[in-house]
Amino acid sequence: MATDTQFPLWEVFIQSKSGANYIHAGSVHAADSNMALQNARDTYTRRGEGTSIWVVPTAAIVASNPDDNDMFFDPANDKVYRHPTFYVMPEGAKAI
Amino acid sequence: MELVEKADNAQAELLMHFEEKINRGDAIEPKDRMPDGYRKHLIRQMSQHAHSEVIGMQPEGNWITRAPSLRAKQILLAKIQDEGGHGLYLYSAAETLGISRDEMIDLLHSGKAKYSSIFNYPTLTWADIGAIGWLVDGAAIVNQVSLQRTSYGPYSRAMVRICKEESFHQRQGYEIMAKMMKGTKDQQEMAQDAMNRWWWPSLMMFGPHDSESPRSSDAVKWKIKRHTNDELRQKFIDKTVQQAEVIGLTIPDNDLNWNETTGHYDHGPINWDEFHRVINGNGPCNKQRMDHHKKVHQDGAWVRAAAEAYRQKKEKQSLN
Ligand SMILES: [Fe+2]
Ligand SMILES: [Fe+2]
């Protein structure tokens, strides 16, 4: 046998209840997507932690580079008018 | 010459930025730049931690077929399955540092990577299953609660997940001990015997005294470790003594005394010769544990080969 690998890596995302965001839980090794789902279920949801699971090949994830954070997130830094607190509401106005 | 100097400066700057970040209390994430020493320390500690979870399944697995009731068997199975899960969380977290699962297993098999020496002791009676859950998991919990605040993000998150699962482990063990202490005289003696054999190795789980552990200074500075070995050991002793008293077990330490001034229990000397003997491969079960792990790994090779062949077949089909 050529190589005895532990199979490709998959990232696991779990939704804890319907309507909630999918949150990264960790990773599993699996030969294919079915096996990845089953392994993710056995590894990360032994106590009803999830109502739904996503598995994604780790190699398919593109991540931002933390070294570039200043430049990368800069466009949002000077746009205070994106926040509701920027606006002056007339005295006495309610429920706005 | 100049080049070397430049590289040195860059290294020093990297280290400075890194330590500033640590001091601010920020978590370090996989893609962040980190000093080699930090990465190496984490790989060693996390893989050792993962191996311990997995090897730890063996002494308990020894009693699955002989559990005294169906209830006890179900609980023990679930507990051991959790430990396998803990190993997987930790391998997965360690892999984010750039080491592969295969490499970690190889290092374990070649003896270069260690696992907790506590799992090199045998489980002779059913009471040992109680003692492991209560004392060994109890000691592990103290350590793992502290590690929830470790500076490396994936390690910290794995610890949070693990701690949520651990309290059942300790409680099921304590329940076994409590039940035996309410049983026949033989059962009581069995429980005390297990206590006598597991108490000291449990204290050794926290590692050498602070005065003797050479690597811990970087680990503390980089907030990998949030408490020292002795602090954690003391915490474990302080909370366990009362639990032993409640069920009528005696802690096998004649020097154990409540110290009014420190507000902690004093304890007798730990047999570090034994600790080093076991860690260096000469405990009662070292060979058995490693042989078993290797055998199961080899026996499973055909399953991995079959799954790999199936994957390749499906890949070909999807291309057609
Ligand atoms: Fe565990
Ligand atoms: Fe446990």
Side-chain angles (χ1 to χ4, degrees), chain A residues 1-17 20-51 53-73, chain B residues 14 17-18 21 26-34 77-79 81-96 100-106 153-155 157-158 160-162 164-165 168 297-298 300-315 317-318:
Chain A
M1 196 173 49
T3 46
D4 180 12
T5 73
Q6 306 264 313
F7 309 131
L9 203 56
W10 302 69
E11 297 303 319
V12 179
F13 298 82
I14 292 172
Q15 186 191 42
S16 60
K17 55 176 192 282
N21 290 324
Y22 284 74
I23 295 176
H24 184 243
S27 60
V28 293
H29 289 261
D32 63 14
S33 53
N34 261 338
M35 191 185 196
L37 270 180
Q38 285 164 4
N39 289 353
R41 174 201 60 196
D42 293 345
T43 308
Y44 294 103
T45 61
R46 286 193 301 282
R47 288 174 176 76
E49 290 94 334
T51 52
I53 299 177
W54 289 346
V55 288
V56 183
T58 305
I61 289 186
V62 181
S64 66
N65 183 349
D67 286 344
D68 301 338
N69 272 6
D70 287 348
M71 195 176 50
F72 190 69
F73 292 107
Chain B
L14 166 65
H17 281 304
F18 176 80
K21 206 168 170 190
D26 286 359
I28 306 300
E29 292 297 334
K31 291 194 78 179
D32 292 344
R33 302 218 286 163
M34 58 186 91
L77 270 171
K79 198 264 186 194
Q81 194 190 13
D82 273 356
E83 303 302 3
H86 296 175
L88 295 178
Y89 303 158
L90 284 159
Y91 283 128
S92 141
E95 280 171 273
T96 64
S100 72
R101 183 88 48 108
D102 305 347
E103 283 174 87
M104 286 187 271
I105 305 286
D106 279 349
Y155 194 21
R157 293 191 284 274
V160 171
R161 194 176 289 279
I162 285 176
K164 268 190 207 145
E165 303 184 351
F168 130 61
H297 189 69
Q298 280 152 16
W302 73 269
V303 181
R304 294 191 290 277
E308 177 60 25
Y310 178 70
R311 183 183 72 81
Q312 285 177 12
K313 186 176 127 191
K314 279 217 322 195
E315 213 173 64
Q317 279 169 351
S318 72

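First the proteins, then the strands, lettered A, B, ... as listed; each starts at 1.
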Point to revise | Side-chain touch B/E95/A/H29, heavy atoms, less than 4.5 angstrom | key: yes
Review point. Counting distance only, does the side-chain N/O of A/Y44 pair as donor-acceptor with the main-chain N or O of B/Y89 below 3.5 Å?
Key: no
Point to revise | Which atoms of A/S64 approach chain B - backbone, side chain, both or neither, heavy atom under 4.5 Å | key: backbone
Point to revise | A/A25 portion near chain B, given a 4.5 angstrom heavy-atom threshold | key: both
Point to revise | Reference residue A/P66; test side-chain contact (heavy atoms from CB on, under 4.5 Å); the match among B/K31, B/E29, B/R33 | key: B/K31
Exercise for review: For each of B/Q81, B/R157, B/K314, tally heavy-atom pairs with chain A at distances under 4.5 Å, and name the one with the top tally.
Suggested key: B/Q81
How far apart are the closest heavy atoms of [X] and [Y], and which atoms are they?
X	Y	answer
A/D32	B/Y310	OD2-CE2, 3.3 Å
B/A307	A/M35	CB-CE, 4.3 Å
A/S27	B/S92	OG-OG, 2.9 Å

**Study point:** Per-residue contact mode, B/R161 against chain A (heavy atom under 4.5 angstrom)
**Key:** side chain
**Study point:** Region of B/K164 in contact with chain A, defined by heavy-atom distances below 4.5 Å
**Key:** neither
Review point. Between B/D82 and A/R47, is the closest basic N to carboxylate O distance under 4.0 Å?
Key: yes
Point to revise | Most chain B-contacting option - heavy-atom pairs closer than 4.5 Å, from A/A30, A/A63, A/A31 | key: A/A31
Point to revise | Interatomic spacing from CG in B/D32 to CG in A/D67 - rounded to 0.5 Å | key: 8.0 Å
Exercise for review: Answer yes or no: does atom OH of A/Y22 have more than 12 heavy-atom neighbours from other residues, nucleotides or ligands under 6.0 Å?
Suggested key: yes
